[in-house]
**Student:** 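A single structure is presented below for examination.
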Amino acid sequence: MEEKGTISIHTENIFPIIKKFLYSDHEIFLRELVSNAVDASQKAKSLSSIGELKGDLGELKVTVKVDKEKKQIIISDNGIGMTAEEIKKYINQIAFSGATEFVERYKDSNADKSQIIGQFGLGFYSAFMVASTVEIDTLSHADGAEPAHWICDGSTEFSITNGTRTERGTDVILNIAEDSEEFLEEARLQSILNKYCKFLPILVEFNGEVINNPNPIWTKSPSDLTDEDYKNFYKELYPFSEDPLFWIHLNVDYPFNLTGILYFPKVKNEFDFQKNKIQLYSRQVFITDEVKDVVPEFLMLLHGVIDSPDIPLNVSRSFLQADANVKKINTYITRKVADKLNEIYKKDRTAYEEKWNDIGVFVKYGMLSDDKFYEKAKDFALLQSTDEKFYTLEEYRNYVQANQTDKDGNLVLLYTTDAEKQHAFIETAKNRNYDVVKLDTMIDPHFIGQLEQKLEKTTLKRVDADTIDKLIQTDAKPESVLSEDETTRLKELFEKAISNQNMTVGVEALSVDDQPVIITLPEFMRRMKDINRMGGGGGMMMMGNLPDMYNVTINANHPINHRILKGDDERGEKIAKQAYDLALLSQNMLSGAALTAFVKRSVELIDKE
Ligand SMILES: Nc1ncnc2c1ncn2[C@@H]1O[C@H](COP(=O)(O)OP(=O)(O)OP(=O)(O)O)[C@@H](O)[C@H]1O
């Protein structure tokens, strides 16, 4: 047996659901109704341009008024208006969009339809989220049209009567429900209008004042704009902020439609980053500032606006993620940003270097999160040496190649995370004619890992991760002047003096110019801890809880260590302790009782001289 049929929907049951759950945010009603009014005005403009709307078009304007006494909000326009027939068709039939029909009907004419906002035929009903009854007072532009009045209390029943309106256009009158009286506050309305309607293409007036800029610069051609225009617009979006570093004007119409301006903000410090600063618009109507799926994660730190009618708006997040247009938009934005950075780098290297401290984090973040971006950015990502010089990755490798290749043919890049604290180690490296780069931002531990993966036969080592001869192992190694017995005795003396199981003591033949005692935290150990601290690492979680295990290297060739061996054990141990404390001190690792004891011992030693 087979039976086919149509599932029936009881409007009485569905209607309250639409009203309640269509939009999570009740304030959206104003955006929807003002957008409808703007649509009606745009349609009037289009029809007038093809001669279908006779007479004077006048100044097109949407007015929002609030009447606290009557508990009403009134949205008025002088757009195309509606006949009673049209109200029945467009308003009474939910999900039948007059906007779609308009675009369909005039698709072959020259009338401009690109500006029509509506598409679902649902927006009007958002009025019932805040109003107990809604009225429409309207007069169509059509020749001989009669004014019409529609009223509905949110049930499925309505009534249409003759209206009183004498001028073309529509008033939508909301009789605000008791639980929504907050919307009768002028300040509240003002802020909603500011949020959603600030750049609508038709003038919007509230309390006698125009609240919008109908021609925001992202709708204009870049060739008509000056740097000042871009900066002023930035100020309009984010009052009180510093000038942006630079900007990118987005403009595509195939395979999707998108315009906008993205700004690189000036970032004072790493904690200053503010996400959710990009505003998403659809045909100049503000939609959201949560652009997470539209903009690649690493570009969320940018500021500005993106306007695209091709981003699905009234649908769920998961749909947004799967949307093909959204993916294309993502790729496009990434490419544009890479191209812009490359352009600035090529055009004015000095200016680019000056900006590096502000943009470096974006670039590194991008290289880490997007392989395509890495491929482009590897040519303009910079390394800054401790001498304040900038190099591209390629330039830097060439620069240090001859000096810093170890005996196995690996290139060792030395870096510091804190040029002040690691000063002694940097000096030692420089004495060997090695170079040290600064990698001191929060993203650098990850960036270092990436460079090692991507760059051939290259490792990066923090300058204080070991003694310099071990960091870059060459064949030329200083000989030890100590006998085996002397080496063992020296090691024992130091172990006794230090007596700390987190310190692994070893005697090494270093240069006479190196320090007598050097304390280092092995690269692997430190990296694991760094990554752990930043919340990554997964299975390496354990590492975070381990105490730091340091290596203490005793320089077999340093005269002080020879003096330690000469005297009796007690004196030797005392000098050993002193030398060890000095090494701790040079790394800011001496404090509390240990520091007090050191100072006391120093005074005694000087006294004896
Ligand atoms: N102020 C108005 N002037 C003239 N016609 C209007 C006005 N407001 C609504 N309409 C008509 O009613 C139709 C339905 O409006 P509604 O807001 O429900 O849907 P929409 O604007 O087509 O799409 P969306 O759901 O995306 O807003 C509109 O398409 C339009 O034809």
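As a basis for the values below, the full set of heavy atoms in this structure was taken, side chains included, without hydrogen atoms, waters or symmetry mates.
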**Student:** Going through the distances and angles, do T392 and Y345 end up as a side chain to side chain contact (heavy atoms under 4.5 Å, CB included)?
**Tutor:** CA-CA 11 Å; T392 63; Y345 162 74; 3.2 Å; yes
**Student:** Answer yes or no: is there a donor N or O on one side and an acceptor on the other, between the side chain of D464 and the main chain of T520, under 3.5 Å?
**Tutor:**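 Side chain of D464 to backbone of T520, a donor-acceptor pair under 3.5 Å: no, none is there.
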**Student:** I'd like to know if the side chain of T441 pairs up with that of D444 as donor and acceptor (distance under 3.5 Å, no hydrogens or angles considered).
**Tutor:**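 Yes, D444 and T441 have a side-chain donor paired with an acceptor closer than 3.5 Å.
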**Student:** Using modelled atom types and a 3.5 Å cut-off, is there a donor and acceptor pairing between side-chain atoms of E452 and backbone atoms of L460?
**Tutor:**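 At least one qualifying donor-acceptor pair exists.
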**Student:** Kindly say whether the aromatic ring centers of Y352 and F390 come within a distance under 6.0 Å.
**Tutor:**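 Centroid distance Y352-F390: not below 6.0 Å, so no.
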**Student:** Taking the six-membered ring for Trp, are the ring centroids of W247 and Y234 within less than 6.0 Å of each other?
**Tutor:**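 No, the ring of W247 stays outside the 6.0 Å limit from the ring of Y234, centre to centre.
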**Student:** Which value, rounded to the nearest 0.5 Å, describes the distance between L521 atom CG and M589 atom CE?
**Tutor:**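 One finds 8.0 Å between CG of L521 and CE of M589.
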**Student:** Can any side-chain N or O of Q587 pair as donor or acceptor with the backbone N or O of I519 at less than 3.5 Å?
**Tutor:**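 Yes; judged by distance alone, with no hydrogens or angles, the pair exists.
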**Student:** For the CD1 atom of I202 and the CG atom of L60, what is their distance to the nearest 0.5 Å?
**Tutor:**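 Going from CD1 on I202 over to CG on L60, the span is 5.0 Å.
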**Student:** Are any of the side-chain heavy atoms of F246 and Y263 separated by less than 4.5 Å?
**Tutor:**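 A side-chain contact is absent here, since even the closest heavy-atom pair is not under 4.5 Å.
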**Student:** Show the nearest heavy-atom pair for residues N403 and R432, with the distance to one decimal.
**Tutor:**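 Closest heavy-atom pair between N403 and R432: ND2-O, 4.5 Å.
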**Student:** Contact between Y332 and L250 at the side-chain level, heavy atoms closer than 4.5 Å - yes or no?
**Tutor:**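 Y332 reaches L250 side chain to side chain.
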**Student:** Return yes if some donor-acceptor pair links the side-chain N/O of Q473 with the main-chain N/O of K407 below 3.5 Å, else return no.
**Tutor:**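 It does not hold such a pair.
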**Student:** Verify the neighbour count for atom NZ of K45: are there more than 12 heavy atoms of other residues, nucleotides or ligands below 6.0 Å?
**Tutor:**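 Atom NZ in K45 is not packed in, count stays at 12 or less.
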**Student:** Looking at side-chain heavy atoms only, is the closest gap between T467 and D514 below 4.5 Å?
**Tutor:**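 Of all side-chain heavy-atom pairs linking D514 with T467, none is under 4.5 Å.
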**Student:** If you compare all heavy atoms of D435 against all heavy atoms of Q404, which two are closest, and at what distance to 0.1 Å?
**Tutor:**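 Nearest pair, atom of D435 first, then Q404: N-OE1, 2.7 Å.
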**Student:** Does NZ in K328 sit with more than 12 non-hydrogen atoms of other residues, nucleotides or ligands closer than 6.0 Å?
**Tutor:**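 Counting neighbours around NZ of K328, more than 12 heavy atoms of other residues, nucleotides or ligands fall under 6.0 Å, so yes.
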**Student:** Side chain of D406, backbone of D408: donor and acceptor closer than 3.5 Å?
**Tutor:**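 Side chain of D406 to backbone of D408, a donor-acceptor pair under 3.5 Å: yes, one is there.
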**Student:** Can you give each donor-acceptor pair under 3.5 Å made by side-chain atoms of residues 222-230, sequence neighbours left out, with the distance rounded to 0.1 Å?
**Tutor:**
| from | atom 1 | to | atom 2 | distance (Å) |
| --- | --- | --- | --- | --- |
| S223 | OG | S221 | OG | 2.8 |
| T226 | OG1 | E228 | N | 3.4 |
| T226 | OG1 | D229 | N | 3.2 |
| T226 | OG1 | D229 | OD2 | 3.2 |
| D229 | OD2 | T226 | N | 2.9 |
| Y230 | OH | H249 | ND1 | 2.7 |

**Student:** Side-chain donor-acceptor pair under 3.5 Å between Q384 and Y391, yes or no?
**Tutor:**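 Y391 and Q384 do not have a side-chain donor-acceptor pair below 3.5 Å.
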**Student:** Consider only side-chain N and O atoms of R462 and T416, and report whether a donor and an acceptor are under 3.5 Å apart.
**Tutor:**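 The answer is no; no qualifying pair exists.
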**Student:** Name all residues meeting the salt bridge (Lys or Arg N to Asp or Glu O under 4.0 Å) criterion together with E353; count only those two or more places apart in sequence or in a different chain, and write none if there are none.
**Tutor:**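 By the salt bridge (Lys or Arg N to Asp or Glu O under 4.0 Å) rule, E353 matches R349.
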**Student:** Kindly assign one of parallel, tilted or perpendicular to the pair F264 and F362, based on the angle between their ring planes and the thresholds 30° and 60°.
**Tutor:**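 Plane angle over 60°, so perpendicular.
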**Student:** Do the non-hydrogen side-chain atoms of F447 and Y365 ever get within less than 4.5 Å of each other?
**Tutor:**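 Side chain of F447 against side chain of Y365, heavy atoms only: no contact under 4.5 Å found.
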**Student:** Can you tell me which residue among K378, K454, K376 is in a salt bridge (Lys or Arg N to Asp or Glu O under 4.0 Å) with D371?
**Tutor:**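 Only one of K378, K454, K376 forms a salt bridge (Lys or Arg N to Asp or Glu O under 4.0 Å) with D371, namely K454.
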**Student:** Whether the side chain of T458 engages the backbone of E456 through a donor-acceptor N/O pair (distance < 3.5 Å, no angle test) should be reported.
**Tutor:**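 Checked: pair present.
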**Student:** Can you list the residues that meet the side chain to side chain donor-acceptor pair (under 3.5 Å) rule with K355, with sequence neighbours excluded?
**Tutor:**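 With neighbours one apart ignored, the set is empty.
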**Student:** Can you check side chain to side chain contact (heavy atoms under 4.5 Å, CB included) on Q284 and K198, steps first, answer last?
**Tutor:** CA-CA 8 Å; Q284 294 172 238; K198 210 169 161 190; over 6 Å; no
**Student:** Would you indicate whether Q401, at its atom CD, is surrounded by more than 12 heavy atoms from other residues, nucleotides or ligands within a distance under 6.0 Å?
**Tutor:**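 For Q401, atom CD is crowded (more than 12 foreign heavy atoms under 6.0 Å).
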**Student:** Taking all atoms of both residues into account, what is the closest heavy-atom pair of R31 and Y196, and its distance?
**Tutor:**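 Residues R31 and Y196, closest heavy atoms: CD-CD2, 3.5 Å.
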**Student:** Would you say I278 and M300 make side-chain contact, with heavy atoms under 4.5 Å?
**Tutor:**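 Not touching, per the 4.5 Å side-chain cut-off.
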**Student:** Could you tell me whether a side-chain N or O of S308 sits under 3.5 Å from a main-chain N or O of N257, the two making a donor and an acceptor?
**Tutor:**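 Yes, the answer is positive, given that a donor and an acceptor are paired below the 3.5 Å cut-off.
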**Student:** Quick check against the 3.5 Å criterion: does Q422 have a side-chain atom that pairs as donor or acceptor with the backbone of T417?
**Tutor:**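 The answer is yes, because a donor-acceptor pair under 3.5 Å joins these two groups.
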**Student:** For a quick test of reading the model, state the closest non-hydrogen atom pair linking I329 to L258 and the distance between them.
**Tutor:**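 In this case the closest contact between I329 and L258 is CG2-CD1, 3.5 Å.
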**Student:** Might you work through the side chain to side chain contact (heavy atoms under 4.5 Å, CB included) test for F199 and L237, ending with a clear yes or no?
**Tutor:** CA-CA 11 Å; F199 298 110; L237 290 174; 3.9 Å; yes
**Student:** Would you compute the distance between atom CD1 of I468 and atom CD of E427 and round it to the nearest 0.5 angstrom?
**Tutor:**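 The distance works out to 11.5 Å.
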**Student:** Using side chain to side chain contact (heavy atoms under 4.5 Å, CB included), reason through N410 and T405 one step at a time and then give a plain yes or no.
**Tutor:** CA-CA 5 Å; N410 287 320; T405 304; 6.0 Å; no
**Student:** Do L203 and P214 have side chains that get closer than 4.5 Å, going by heavy atoms?
**Tutor:**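 A side-chain contact exists here, since the closest heavy-atom pair is under 4.5 Å.
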**Student:** Passes salt bridge (charged side-chain N to carboxylate O under 4.0 Å, His left out), D387 versus K430? Steps please.
**Tutor:** CA-CA 10 Å; D387 299 331; K430 283 189 178 161; 3.2 Å; yes
**Student:** To the nearest 0.5 Å, what is the distance between CD (Q515) and OG1 (T553)?
**Tutor:**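 Q515 CD to T553 OG1: 12.5 Å, rounded to 0.5 Å.
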**Student:** Look at the rings of Y281 and F286 and say which category their plane angle falls in: under 30° parallel, 30 to 60° tilted, over 60° perpendicular.
**Tutor:**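 Ring orientation, 0 to 90° scale: perpendicular.
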**Student:** When rounded to the nearest 0.5 angstrom, what distance separates CD in E394 from OH in Y399?
**Tutor:**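 If I round to the nearest 0.5 Å, the distance is 16.0 Å.
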**Student:** At their closest point, which heavy atom of K438 faces which heavy atom of S385, and how far apart are they?
**Tutor:**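 Closest heavy-atom pair between K438 and S385: CE-O, 3.9 Å.
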**Student:** Out of curiosity, D440 CG to N357 CG, how far, rounded to the nearest 0.5 Å?
**Tutor:**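 One finds 8.0 Å between CG of D440 and CG of N357.
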**Student:** A side-chain contact here means heavy atoms from C-beta on lying under 4.5 Å apart; do V62 and E205 qualify?
**Tutor:**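 No; the side chains remain at least 4.5 Å from each other.
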**Student:** When you compare the side chain of D339 with that of I248, does any pair of heavy atoms fall below 4.5 Å?
**Tutor:**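 When only atoms from C-beta onward are counted, D339 and I248 do not touch, as no gap falls below 4.5 Å.
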**Student:** For D418 and E420, indicate whether the former's side chain and the latter's backbone hold a donor-acceptor pair under 3.5 Å.
**Tutor:**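 At least one qualifying donor-acceptor pair exists.
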**Student:** Donor-acceptor check, side chain of T386 to backbone of V436, threshold 3.5 angstrom: yes or no?
**Tutor:**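 Yes, T386 side chain to V436 backbone: donor-acceptor pair under 3.5 Å.
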**Student:** Taking all atoms of both residues into account, what is the closest heavy-atom pair of C197 and N212, and its distance?
**Tutor:**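 The answer is O-CB, 3.2 Å.
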